[in-house]
Amino acid sequence: MTEFTNYKYGFEQLYKANYARLYYYAFQFISDAETCKDIVNDVFEKTWNLYESLQQETITAYLYANVRNKCIDHLRHSLVKEQYADFYKAVTQEEADNDFSEREERIARIEKVIEELTDPTKTILKECYYENKKYQEVADEFGISINGVKKHIMKALRLIREEFGIKKKSREVPENEVKTYIPYKE
């Protein structure tokens with residue numbers, strides 16, 4: 001057997017032995033089957049790329065930690081999207097005494113704030129929310145970290161909130177969530 005064949009066989013055994021377990025582990029965090037499959041497949045793809053450099057004794061723990069971290073990242077990203085949707089809904093929601101022109105004025109104000117943003121903040125916001133790209137895709141495109149993308153998004157949302165004089169909702173993180181999250185360093 002060639003070295004690549006041994007490498008491929010070892011990874012295939014790892015995949016077969018752990019895929020279902022990791023899927024159900026992800027399902028404990030996120031109750032969407034397709035999202036769980038995507039997360040587990042992303043983790044295995046990353047593992048394939050790093051397989052030679054990983055320690056075989058700890059590779060299972062590595063897989064579980066990566067699945068957990070990706071699930072937490074997904075939940076946080078969903079929370080940001082939800083907050084933006086709530087914010088946008090609050091800004092654009094038409095009250096009984098508001099007419100169509102007032103609603104259009106609010107939308108125009110939001111669009112104006114977005115257009116006044118500097119690049120790359122404007123482009124990052126549009127790609128994440130208009131084109132529904134994942135933070136990782138945008139980060140790769142701009143050559144920055146996911147946290148860099150998040151900072152641009154938060155800056156843009158802060159400026160929109162300031163335009164309307166709206167204070168940001170605070171979210172308390174449950175104590176158990178803080179203890180279970182171990183940041184992944186690339």
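Keep in mind that the numbers below use all heavy atoms, side chains included, and drop hydrogens, waters and symmetry copies.
- In terms of heavy-atom proximity, V43 sits nearest to L63 at CG1-CD2, 3.8 Å.
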Please walk me through it: do E111 and I107 pass side chain to side chain contact (heavy atoms under 4.5 Å, CB included)? CA-CA 6 Å; E111 290 174 349; I107 292 171; 3.7 Å; yes
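- Atom CG of L54 and atom OG1 of T47 lie 6.5 Å apart (nearest 0.5 Å).
- Note that OH of Y25 and OH of Y64 are 8.5 Å apart. Values are rounded to the nearest 0.5 Å.
- Across E141 and E127, no two heavy atoms sit closer than the pair OE2-OE2, 2.8 Å.
- A salt bridge links K122 with E115: at least one charged nitrogen is closer than 4.0 Å to a carboxylate oxygen.
- K81 contributes atom NZ, which lies 7.0 Å from atom OG of S78 (distance to the nearest 0.5 angstrom).
- Smallest separation of non-hydrogen atoms from A33 and F27: N-CE1, 3.9 Å.
- Here the rule is ring-ring contact (aromatic ring centres under 6.0 Å, His included) with Y51, and of Y9, F44, F11 only F11 fits it.
- The shortest non-hydrogen separation linking A139 to I146 is CB-N, 3.9 Å.
- For NZ of K134, the number of neighbouring non-hydrogen atoms (other residues, nucleotides, ligands) closer than 6.0 Å is 12 at most.
- Here CG of N18 is found 8.5 Å from CD1 of I59. Values are rounded to the nearest 0.5 Å.
- Note: R68 CZ to D73 CG = 11.0 Å, rounded to the nearest 0.5 Å.
- Closest approach of L125 to I153, counting heavy atoms only: CA-CD1, 3.7 Å.
- Taking the ring axis of F164 as reference, the NZ or CZ atom of R106 does not stay both within 45° of it and closer than 6.0 Å to the ring centre.
- Using a 4.5 Å cut-off on side-chain heavy atoms (C-beta onward), F142 and T123 make contact.
- Residues K37 and Y19 form a side-chain contact, since some pair of their non-hydrogen atoms from C-beta on lies under 4.5 Å apart.
- Side-chain contact between K46 and Y62 is present, with heavy atoms from C-beta onward closer than 4.5 Å.
- Rounding to the nearest 0.5 angstrom, the gap separating the CG atom in N41 from the OH atom in Y15 is 5.0 Å.
- A 6.0 Å sphere centred on CD of Q55 holds no more than 12 heavy atoms belonging to other residues, nucleotides or ligands.
- The side-chain heavy atoms of I144 and I124, taken from C-beta on, include a pair separated by under 4.5 Å.
- Looking only at atom types and distance, the side chain of Q136 has a donor-acceptor partner in the side chain of D140 under 3.5 Å away.
- For the pair Y129/V80, a side-chain contact is recorded, criterion being any heavy-atom separation below 4.5 Å from C-beta on.
- We find that E105 and K112 are not joined by a salt bridge, their nearest charged nitrogen and carboxylate oxygen being 4.0 Å or further apart.
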